Structure formats: C-alpha cells, structure tokens
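Some notes on the structure that comes next.
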Amino acid sequence: MEQFTYTAQPARIVFGSGTLERVADEVARLGRSRALVLAGEHLRAVGDRVEEILGPLAAGRFDGAAMHTPVEVTEQALAVLRETGADCVVAVGGGSTTGLAKALAVRTGVDQVVLPSTYAGSEVTPVLGETEDGVKTTRADPAILPETVIYDVELSAGLPRPLAVTSAVNALAHAVEALYSPDANPVVDGMALDAIRHLARGLRALDSGRGRADLLRGAWLAGTCLGAVGMGLHHKLCHTLGGSFGLPHAPTHTVVLPHAMAYNAAAAPEAMRRVAEALGTADAPTAVFDLIVEAGGPTSLRELGLAEADLGRAADLAVGKPYPNPAPLTRDGLAGLLRRAWAGERPAGGAVSTIDALTAQVVATFAGTEDARLGALLTDLVPRLHAFAVDNDLTQAEWQQGIDFLTRTGQTCTDTRQEFVLLSDTLGLSSVVDVLDNSRTPDTTPSAVLGPFYVEGPPELPQGADVSAGLPGTPLYVDVTVTDTDDRPVAGAVVDVWQSNEDGFYDVQLPDLDGPVLRGRLRTDDGGRLRFRSILPSEYPIPDDGPVGGMLRAAGRHPYRAPHLHFMIDAPGHRRLITQLFVRGGRYLDSDTVFGVKEDLVVDFVPRTGPTPDGAPVAGEWRELRYTFRIATTG
Ligand code: NAD
C-alpha cells in the first residue's frame, strides 16, 4: 500500500499576462501599506514601474541583490528597510532578488510579494540559501515562503534567450528530481509531470509568447515541487559546484542535469519512464541533453569555467556529505559523471545505453555461429528487434500480447493450414522476399508468392485433364507454353497448378471433398505446351478465423485475394518459377490482402462460346487462358 506525507505551501499565486499591474492590490490585500521595492540588476525600469503602480504604498527602494544572497548585502537592505519603516517587500527579479526578499522576511517578519523574472522557482519555496565568508548555508522555515507571487508572462518574456534556456532547465531539474525524491507523493508527481511537459514545450518554442507562457507555468509548478519535496544528486552537485567553485547557478544546472539523470536512470526506472513519456521520447537523459542542445544552452562545465584540475576535488566534495539519492553515490561514479559533464559529452547510463550494451552482448553470442549466413542474419535481426522495442517504448503487456499472438499462430498451423505463411503474406513479407529472390530478371515471367494452400505431392494428371473433376463453375480452358528466355520451348517441365473453386475455397478448406481437387501436377509436351481444363477461379477470403484474421479485423482490412491460378514450374537446368496469373477485371486486384498482384501477371481469361479447342462441347460461356511462361536457365 502506497504511503506518503504531503505538506502544502500556503502561497497565493496570481498568474497571467500584465498581472504586474495588480501589485498594489496584492500589497493592500495583505493589509500592508509601506512596501520596500527590490529590483534585480536588469530590472530597474520594471522596479520604477512597480513603484509607480504602488503609488503611496511605495516606501523605498533597494536594487543591490546579488547571487547566492550574501549576508553583507542583506545587512545593507535591512538598514534601508528599517529606515523606511517598510512592512513588506515587493521583489522584482530572479532567484537572487527573491533570495534577498526572503532573507529580509526571515529576519523581520515582513510580508513578501514576489514578481519572478526568471524560472528559478525560489518564490514558491520556504528555503533560503545565504553566503557568508564564502560559505553557503541553506535553511528552511515557513516564514521564508513569500505570501504572494505574481507571475507576469510579460515580465519573464524580457529574459534574454540564453538566460531563459538555462533558467528553464533549472526549473526542469526541480521537477525531475521531485519524481524520485524520497518524499515523492501523487500531488507533487502530478505537478512535476505537468511542469516537465510545459517546460519542454516552452523550450522548443522559446521565441513565441506561447512558449514563454509555458515556461512560466512550468517554472511555477516545478518550483512548487522544489518547495514540497527533497532533492537529490543533481541539486547537491550544483550546490557544490556553485558554492565551492563559483559556477553560475542556472547554467550549472543546465550542464549537470542530463548527466545526473543518466547516473540515476537505472536506479529510478519508473521516474525516468515518466519523464521520458512527458517529453515524448524513449530515453529521458539523452532527450534532456538534446533539448538543451536544440535550445542553444551550455553543455559543458569547461565552458562555464571549471578547471579540469578541479574535477577530483569536486568529486570528493560531492561524495562527502551523504544524502538520499536513488543510485548509490560513489566517488568513482561521481568522478565519471563530472568528467562527462565537464567535457560536454552526450550522457551515458540511461535506459537506452543500458539496452545498447545488452544488444551488443546478445549480438556477441552469435560470433561463433558455424553457418556464416545464419550468423549474419541473427546478428542483424537482434539489433532490429531491440530497436523496434526501444523506438516504440514497448510495454510488458504489449510484449506478452505479441507472444500470445505468435503462439496462437503456431497452434493454428496444421498439415493443410499454414498460419505463419498467411501472417508473412498479409504483412507483405512474402512479397518482399519474392521480389528479392525471384523477380530480378526482367526477361522472365515475374514470380508471385507461394501462398498458404500449396500441398506437396499433388496428383499426377495427364495432358488435357480436367483438374476441377467436374466441380460446378464457369468452364476454363488453359493452354500455356513454357519457354526459356530465348523463346525455346521447355519440354517435360513439371507444372503444379492449384486454385480455388467458384466460391473461393481450396480443397484443403473443404473437408467434405473426396481427395485433392483443383490441383494437380502436369508436364509440358515436346513443344513446351500444356493444356488442361478447369473452372474460373474466384476471389476469396484468406482463412480469417485465426489470429491473422484477428489482426486484419483490428486494422480494418478485408481478407480478400484477387482471383488467380497458381503455377509452380520446375524443369531440369532451369530455375523454379512460382507464380500466379490473375483474372483481368476480377475483384480486389488493387487491394489484394497478401500484396501478391503484379501488373504483368494480370491476364485475359477470354470469354468464349461453342466447343473448347479440344473439341469438347460446352453449354454457355467458357473462358480461355493462353499464356507463355518464360523461365530462366540455371548457372
Ligand atoms: P538571478 O536572479 O541571479 O538572475 C540571473 C541574471 O539574469 C541576473 O543578472 C539578473 O539580473 C538577470 N535577469 C533576471 N531576470 C531578467 C529579465 N527579465 N531580463 C533581463 N535580465 C534578467 O538568477 P536565477 O537563476 O533566477 O536565480 C539564482 C539564485 O536563486 C541562486 O542564488 C540560487 O541559489 C537561488 N535559488 C534559490 C532557490 C530556493 O528555493 N531558495 C531556488 C532556485 C534558485
């Protein structure tokens, strides 16, 4: 049974475009009347506008906030706060300005109204990090949480693109680590996934108003996750890199996140699966890396100014203080992570690279296959099967369904029913193999698929025989010739023919029929000719009461084959020809369910009346098929 604890942070959120205009109302709503305005470094003009809107509620101004909230700056701001008799602060800026507001609030109890201009998320957390004498300490206190946050899309839209990218990835990191936090709970999970979706969408459309709105919405939710649950390796590592090596906050988050995710991927597979799903991809760490590259964000700690010589010390510091994290924290592991992040490599260790290793392992087992061709086929098959699973993010249930389907396909096979051939036919595989193996010589008759109804050892019949054995149907007189590619007749060729009856059934589908019918083995005469009588074949559904039929129905496909006669021609010194002749004008020629129709094989079955050429009287119409098969010689 799932167990969790969830504490909601009591913040008031005002979200929208142009919401900055409501700042005076929000201050008044808190019952405050003297606001100290804190404006970030690049936001002086916005600070002026805020003062203007506040009018008499504005009591003073301090614009000196700095990264990592140095205590000496807080002391200066505190003096201004006291001087002005302010009872609240209104902060306009990024995490640094918010940090200063929090530092003032925790010391004096003043209320805070925060207007975030970045996506850092600090405005919705009860956490404050401060630096004194170069040491950063973090504390959490409900008094630190700002009372009101005004998110104005227009304000954050002013954030220059490079800052927007790194700040958004900083937010993404909160949401990702929330999913594998020891305090994870359904409320936070829901917010985290929604945040990831919005942040990814925003990062892909950075230059549009919609994209910026997505980022701000994602930032709010991600910040809320950060304020609700504990973070893991990624945040601690960034803290170390920022605190001890002076690396910039958001860019460091941007470089480290894909690598921290890859490090945790195997230990937090469900969280990674959910992140990947929210990103619309199969592997979360590499997808985040690619997202950053596409958005033009930094990818290496080297470019942020970390010296290679500092990597070892960074690993020592990172492993120094243990904290909860899905994957065990080892010095070697962290050193490897940091080295890859320093060099800007695409991350390794995610699900996909685990699978890559697995695939390579399986492929290696075929290295000793004695039959070289078999070895080559298996070596190629395995990576393709694995890639199919990865690309489609195959679930266990889908895999099981596939196994069940194949099991039923095998169980449906009997001496007279070949469900696997049917499956191959309806997937077009038989035609692909046919094209590859049989149809590469333009001067021979095109081949066609064997189909599932061929039966070995058909009855030997003499020239002129009636293969239909008197079954009802439109009489058919067949007069075909077999030649080589130089038009020389091939005498004594063994020709197997088989076809459906007028209702579209083969004998093997009709258990009441006595013995083989509508199939036989005949031989060409000295002139390469072969004549026999039969009935006109009709279109027919392939057997669709088995698993293959189920597949066709699931896909909304019909099961019909266009009407045709099958031929298999063997002659010493010649290549075997397996083919079909299709009845011109027949149904389903353009949607044959096994993809077997080739234009050159669609021929006239000419309507005639009167006696057939062998002198047999026929009442009514009959059809005549004349055709010359050209077969290739071997060697
Ligand atoms: P920041 O506030 O330092 O801003 C980065 C830079 O962007 C600054 O130069 C700033 O002047 C500029 N800037 C901000 N908004 C701008 C805009 N709209 N247009 C032009 N320039 C703009 O950086 P940040 O990434 O927002 O925040 C980082 C700080 O916040 C760090 O000190 C970090 O520790 C802290 N933080 C704290 C928490 C928390 O919960 N306590 C959470 C996240 C971040």
Side-chain angles (χ1 to χ4, degrees), residues 7 9 11 38 40-41 62 64-81 89 91 93-110 112 114 116 118 120-146 167 170-171 173-174 177-178 181-183 222-253 256 260 304-306 310 313-325 329 334 338:
T7 308
Q9 304 292 347
L38 311 174
E41 199 187 344
F62 183 86
M67 183 88 92
H68 303 309
T69 328
V71 169
E72 56 273 25
V73 174
T74 304
E75 299 292 345
Q76 292 165 21
L78 206 52
V80 179
L81 183 90
V89 290
S96 298
T97 314
T98 306
L100 177 59
K102 288 173 160 183
L104 294 175
V106 76
R107 285 170 174 76
T108 62
V110 292
Q112 308 166 63
V114 177
T118 69
S122 174
E123 64 282 354
V124 281
T125 79
V127 179
L128 170 64
E130 295 179 287
T131 35
E132 189 165 21
D133 301 328
V135 180
K136 188 167 180 177
T137 47
T138 304
R139 58 176 151 161
D141 188 321
I144 293 172
L145 182 74
S167 195
N170 182 188
H174 310 330
E177 289 221 299
S181 168
D183 321 319
T224 308
C225 296
L226 174 70
V229 298
M231 297 283 121
L233 168 68
H234 169 80
H235 281 76
K236 306 294 181 210
L237 212 48
C238 291
H239 191 101
T240 302
L241 292 169
S244 304
F245 301 92
L247 296 195
H249 179 80
T252 305
H253 271 268
V256 171
L304 301 187
L306 184 69
D310 283 335
R313 190 159 67 90
D316 289 339
L317 287 171
V319 82
K321 279 190 228 149
Y323 48 85
N325 185 65
L329 302 165
L334 293 183
L338 284 166

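All of these numbers come straight from a predicted model, not from anything done at the bench.
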Problem set entry | Stepwise side-chain contact (heavy atoms from CB on, under 4.5 Å) check, Leu334 with Leu233 | CA-CA 9 Å; Leu334 293 183; Leu233 168 68; 3.5 Å; yes
For this session: State, yes or no, whether a side-chain contact exists between His235 and Leu226 at a heavy-atom distance under 4.5 Å.
Result: yes
For this session: Taking side chain to side chain contact (heavy atoms under 4.5 Å, CB included) as the test, write out the residues that go with Ala101, two or more places apart.
Result: Leu38, Val89, Ala91, Gln112
Problem set entry | Sub-4.5 Å side-chain heavy-atom contact between Pro146 and Lys102 | yes
Exercise. Ignoring hydrogens and geometry, is there a side-chain-to-backbone donor-acceptor pair from Ser96 to Ala65 under 3.5 Å?
Worked result: no
Exercise. Is a donor on one side and an acceptor on the other found under 3.5 Å between the side chain of Lys236 and the backbone of Asn325?
Worked result: no
Exercise. Would a distance-only check, ignoring hydrogens and angles, find a side-chain to backbone donor-acceptor pair under 3.5 Å from His174 to Ala120?
Worked result: yes
Exercise. Between Thr74 and Leu104, is a side-chain contact (heavy atoms from CB on, under 4.5 Å) present by the stated rule, with each step listed?
Worked result: CA-CA 7 Å; Thr74 304; Leu104 294 175; 4.3 Å; yes
Exercise. Where do Ala105 and Ala143 come nearest, in terms of heavy atoms and distance?
Worked result: CB-O, 4.1 Å
Exercise. Just how far is it from atom CG of Asp316 to atom OG of Ser244, taken to the nearest 0.5 Å?
Worked result: 11.5 Å
Exercise. What's the spacing between Asp141 CG and Leu128 CG if we round to 0.5 Å?
Worked result: 9.5 Å
Seminar exercise, completed: The reported gap from CG in Leu81 to CD in Gln76 (rounded to nearest 0.5 angstrom) is 13.5 Å
Exercise. Which value, rounded to the nearest 0.5 Å, describes the distance between Ile144 atom CD1 and Thr125 atom OG1?
Worked result: 8.0 Å
Exercise. At their closest point, which heavy atom of His234 faces which heavy atom of Ala260, and how far apart are they?
Worked result: CB-CB, 3.6 Å
For this session: Compare every heavy atom of Phe62 with every heavy atom of Val80, then report the nearest pair and how far apart it is.
Result: CG2-CD1, 3.9 Å
Exercise. Is a donor on one side and an acceptor on the other found under 3.5 Å between the side chain of Glu177 and the backbone of Gly232?
Worked result: yes
Seminar exercise, completed: Sorted by chain and number, sequence neighbours left out, side chain to side chain contact (heavy atoms under 4.5 Å, CB included) with Pro70 holds for Ala66, Glu72, Val73, Thr131
Exercise. Are the aromatic ring centres of His249 and His253 under 6.0 angstrom apart?
Worked result: yes
Exercise. Which pair of non-hydrogen atoms, one from Val229 and one from Ser181, has the smallest distance, and what is that distance?
Worked result: CB-OG, 3.5 Å
For this session: Please answer whether the main-chain N or O of Ala103 pairs with a side-chain N or O of Glu130 as donor and acceptor at a distance below 3.5 Å.
Result: no
Exercise. Any donor-acceptor pair under 3.5 Å linking the side chain of Thr252 with the backbone of Cys238?
Worked result: no
Seminar exercise, completed: Closest heavy-atom pair, Ala77 versus Leu100, reported as atoms and distance to 0.1 Å, is CB-CD1, 3.9 Å
Problem set entry | Leu247 versus Leu304, closest heavy-atom pair with distance | CD2-O, 3.6 Å
